[in-house]
**Student:** 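Dropping the structure in here first, questions after.
This is a predicted model, so every value here is computed, not measured. Values below: every heavy atom of this structure, side chains too, minus hydrogens, waters and symmetry copies.
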Amino acid sequence: MYFLVALGMSIISLCLFLFVKTKRNLHFEFLVFTFGAATLMWLIDCIAGAIEEGQFLSFELPLDIWISVWTVVGGIAFYLLLLLIFTIKDKKQKVVTE
Amino acid sequence: MACFTVTAATAIGVAVARHIVKHNEKKQEKMEITTTEVDTLKTSKKLGILEIALFGGSFLLAGEHVLHGEVTFTFPFLTAINEGTDAVKGMLFEMGTVGVGMTLAIVAVWGAALLVRKLLLKRKAKEVKE
């Protein structure tokens, strides 16, 4: 289930990156890289599960709901952390160049 | 069980490589060595993209493993270690197959994206020349 959530988040972040071009300083590409990588990793996990157990997607409620919530919250938290680091870095560079 | 550790370890390796490359790039800038390459994206930035992807992916998967009870916050961190040699063997096998597969998939997608970008830039440069 969380694979599908990650895939959905990748598509949403890719749309944000492609269509919100006026806010380049928000670095939506970080969201694309994070969710894209997680989707790819869970895809490999699903393929391995399909080979071993013969089941591509499994639903273990309610644990899967918690993991799905973590996927969204964790991904956004990681993005905000990166955004903070890059904003501080950019400000420091501006001060040096001035 | 611990497949994300392979990606996390690769991310650390890429971070170290990026720092070394960045240091060399700064040296080249000081020596004013210019390249004739069409692609303006620096190698350190390209490695930075891979680093973010690897760290981001392993961060989300680490959370999933914690929720599954496969990773704990106390030593030895991986619950499989306390479950006997068979569990450890299974964990190592998973790291070698799924973990390495995940890392290779991310690196392959990153490499393919850079290759497509390079080809598009070359085509653009050709069109400008003509």
**Student:** Is A:L40 in contact with chain B via its backbone, its side chain, both, or neither, using a 4.5 Å heavy-atom distance?
**Tutor:**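 When you check distances to chain B, only side chain atoms of A:L40 fall under 4.5 Å.
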**Student:** Side chain, backbone, both or neither: which part of A:Y2 has an atom under 4.5 Å from a heavy atom of chain B?
**Tutor:**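 Side chain only.
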**Student:** Is the number of heavy atoms from other residues, nucleotides or ligands under 6.0 Å of B:F93 CZ greater than 12?
**Tutor:**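 Atom CZ in B:F93 is not packed in, count stays at 12 or less.
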**Student:** Tell me whether A:F59 at atom CZ has more than 12 heavy atoms from other residues, nucleotides or ligands lying less than 6.0 Å away.
**Tutor:**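 Yes.
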**Student:** Given the rule that I, L, V, M, F, W and Y join up when any side-chain heavy atoms are under 4.5 Å apart, are A:F78 and A:V72 in one cluster?
**Tutor:**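 Both belong to a single hydrophobic cluster.
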**Student:** Out of curiosity, A:D45 CG to B:M102 CE, how far, rounded to the nearest 0.5 Å?
**Tutor:**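 Atom-to-atom, A:D45:CG and B:M102:CE are 4.5 Å apart.
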**Student:** Tell me whether A:I11 is reachable from A:M9 by hopping between hydrophobic residues (I, L, V, M, F, W, Y) whose side-chain heavy atoms are closer than 4.5 Å.
**Tutor:**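 Hydrophobic grouping puts A:M9 apart from A:I11.
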**Student:** Report yes if the distance between the aromatic ring centroids of A:W70 and B:F59 is under 6.0 Å, otherwise no.
**Tutor:**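 Judged by ring-centre distance (under 6.0 Å), A:W70 and B:F59 do meet the cut-off.
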**Student:** I need the A:E52 CD to B:E94 CD distance, nearest 0.5 Å.
**Tutor:**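 Reported to 0.5 Å precision, the distance equals 7.5 Å.
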**Student:** Nearest heavy-atom pair of B:L60 and A:A38: which atoms, and what distance?
**Tutor:**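 The pair with the smallest heavy-atom distance is CD1-CB, 3.6 Å.
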**Student:** Closest approach of B:G56 and A:T34, non-hydrogen atoms and distance?
**Tutor:**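 Shortest heavy-atom separation between B:G56 and A:T34 comes out as CA-CG2, 3.7 Å.
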**Student:** Who among B:V109, B:L61, B:V66, B:T103 has the most heavy-atom pairs with chain A under 4.5 Å?
**Tutor:**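 Of B:V109, B:L61, B:V66, B:T103, B:L61 has the most heavy-atom pairs under 4.5 Å with chain A.
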**Student:** Applying the 4.5 Å side-chain criterion to the ILVMFWY set and letting contacts propagate, would A:F17 and A:F19 be lumped into a single cluster?
**Tutor:**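 A:F17 and A:F19: one cluster.
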**Student:** For the residue pair A:I67 and B:H68, establish whether any side-chain heavy-atom pair is separated by less than 4.5 Å.
**Tutor:**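 When only atoms from C-beta onward are counted, B:H68 and A:I67 do touch, with a gap below 4.5 Å.
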**Student:** Using the side-chain contact (heavy atoms from CB on, under 4.5 Å) rule, take A:E29 and B:I52 through it: C-alpha gap first, then chi angles, then the decisive distance, then the call.
**Tutor:** CA-CA 10 Å; A:E29 66 270 20; B:I52 290 170; over 6 Å; no
**Student:** State plainly whether one hydrophobic cluster holds both B:F75 and B:F73, where clusters connect Ile, Leu, Val, Met, Phe, Trp and Tyr through side-chain heavy atoms under 4.5 angstrom apart.
**Tutor:**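 B:F75 does not cluster with B:F73.
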**Student:** If you measure from CG on B:L50 to CZ on A:F33, what distance do you get to the nearest 0.5 Å?
**Tutor:**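 Interatomic distance, B:L50 CG to A:F33 CZ, rounded to 0.5 Å: 10.0 Å.
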**Student:** Would you give the length of the straight line joining atom CG of B:L67 to atom CD1 of A:I65, rounded to the nearest 0.5 angstrom?
**Tutor:**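 Result: 12.5 Å between the selected atoms.
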**Student:** Linking I/L/V/M/F/W/Y whenever any side-chain heavy atoms sit under 4.5 Å apart, do B:L120 and B:L115 land together?
**Tutor:**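 Shared cluster, no.
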**Student:** Indicate the atoms forming the closest heavy-atom contact of A:A37 with B:A53, along with that distance.
**Tutor:**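 It is CB-O, 3.1 Å.
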**Student:** Quick check on the interface: out of B:G63, B:C3, B:S58, who has the most heavy-atom pairs with chain A under 4.5 Å?
**Tutor:**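 Highest number of heavy-atom pairs under 4.5 Å: B:G63.
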**Student:** Of the backbone (N, CA, C, O) and the side chain (C-beta and beyond), which part of A:L82 lies under 4.5 Å from a heavy atom of chain B, both, or neither?
**Tutor:**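 Looking at A:L82, just its side chain touches chain B.
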**Student:** Of all of B:F55, B:W110, B:F4, which one pairs up most often with chain A through heavy atoms under 4.5 Å apart?
**Tutor:**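 Answer, by heavy-atom pair count under 4.5 Å with chain A: B:F55.
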**Student:** Counting heavy-atom pairs closer than 4.5 Å to chain B, which one of A:T71, A:I47, A:I44 comes out on top?
**Tutor:**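 Option with the greatest count: A:I44.
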